[in-house]
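Below: one structure, written as C-alpha cells.
One-based numbering along the sequence shown. Atoms within each ligand, like the ligands themselves, are counted from 1 in listed order.
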Amino acid sequence: MRPMHHIISTREYTTEMFDEILEMAEKLEPIAKGEVGSKIMDGKILALLFFEPSTRTRMSFETAMLRLGGQVLNMGQVEASSIAKGESLSDTIRVTSQYADAVVLRHPREGAALMASECSAAPIINGGDGAGHHPTQTLLDLYTIKRESHLENLNIALAGDLKYGRTIHSLCYALSRYNAKINLVSPPELKLPDRIVDDLLKRNIDVTVTTNMEDVIEDIDVLYMTRIQKERFPDPAEFNRVSNSMRITKELIQTAKPEMKIMHPLPRVNEISYDVDDTIHAAYFKQAFYGVPVRMAILCKVLGMENEIREMTE
Ligand code: CP
C-alpha cells in the first residue's frame, strides 16, 4: 500500500517537489477555468474542516474538487458540530477522516495539522495552522510568481505583518529554493521572527531589512503585501499601534518597474488602496484564481493521481 501523502508544510520541499505541483497546475488550468470537463475524481470525497474563517482556501478547494468530478463534505460551522459538546480535535479527525479520501484542515493552533496527520485515516492537507504554515497558499503564490513574473533571480519585497503572517513564513522557505533576493519591509514590531531570518541566512539567501517601502520599490519584481493579523495579537493596544503603519497607494508605486507585480493572499483590509486594483501591477485577484488549478494539482498529488494527469494531457 502507498504511504499517505500529507501536506503539512513546504519547509522541507525541494525545487523538484515544487516544480512537479506547478507543472501539474499548468496542465489543469483549462479544467480550473471550466473550459474542459473532467471526471478523474469521480467517487472521491474531500472533507473540509475549518475551525477559522476562510473564503479562498475553502471555496477554491471546493471548486477544484467539483471541477475534477469529485464531491465535498463540509463540516460547516464549528458550533453545529460535536466539537461544541467538547469533542477533541484528535477524535474529530479520527472519525471524519474515515468519511473521506482526504481532509483539508484549518485550525487556529500552530501544529494542529501535524497532530491531525498522526491520527488520521486519510491524507491531511494543512489549510493554515495558527501563525504556523499555509503550504497550499505557498504553492499558489509560487505559481502566481511563475505565471505573472519569474521564479529565477527574483527580487521580492515581503511586506506588512511578517511576524504573524503564516503565508509569509511558508513563502520565505519556498523562495529560498529559487535563490530569490528577499527584502523584508515591516514596522519593527512586526518583523520576521529571528529563527526564520537565521534559516534563510543559513541557506545563503540575500536578505535585506527595512521599515520603508520606498527603499526597495524601484528595484523589486514582486511586492507581496499582507494584512496585519489582528486576531493573532495578544494585546489589542499593540494592534492599534501598528494597524495603519503600512499602505500601498498608487502614488507609492509610481517609481516601480512597469512589470512589477503586487500580490496579496487576501483578504485585504486597508493595506492596498482600491485605486491600485486597476493598475498593471495588481495581480492579487488572478492570484486568488490560481488557487483552483494549484489545489487541483495538490489533490491529484495527495490522492496519487499524478499518472492520470500525465496521461490526460499528453
Ligand atoms: N488567503 C487565504 O488563506 O484566504 P482565506 O482566509 O479566505 O482562505
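- The cationic atom of R227 (NZ for Lys, CZ for Arg) does not lie both less than 6.0 Å from the six-membered ring centre of Y164 and within 45° of the ring axis.
- Each of S54, T55, R56, T57, R106, H134, Q137, P265, L266 has a non-hydrogen atom positioned under 4.0 Å from some atom of ligand 1.
- Using a 30° and 60° split on the angle between ring planes, Y284 and H264 fall in the perpendicular class, above 60°.
- Side-chain contact check for T226 and D161: no donor-acceptor pair (N or O, by modelled atom type) lies under 3.5 Å.
- Using the six-membered ring where Trp is involved, Y143 and Y290 have ring planes that are perpendicular, over 60° apart on the 30 and 60° scheme.
- Between Y274 and R268, the closest side-chain pair of non-hydrogen atoms falls below 4.5 Å.
- Judged purely by distance below 3.5 Å, without hydrogens or angles, the side chains of T210 and N212 never pair a donor atom with an acceptor atom.
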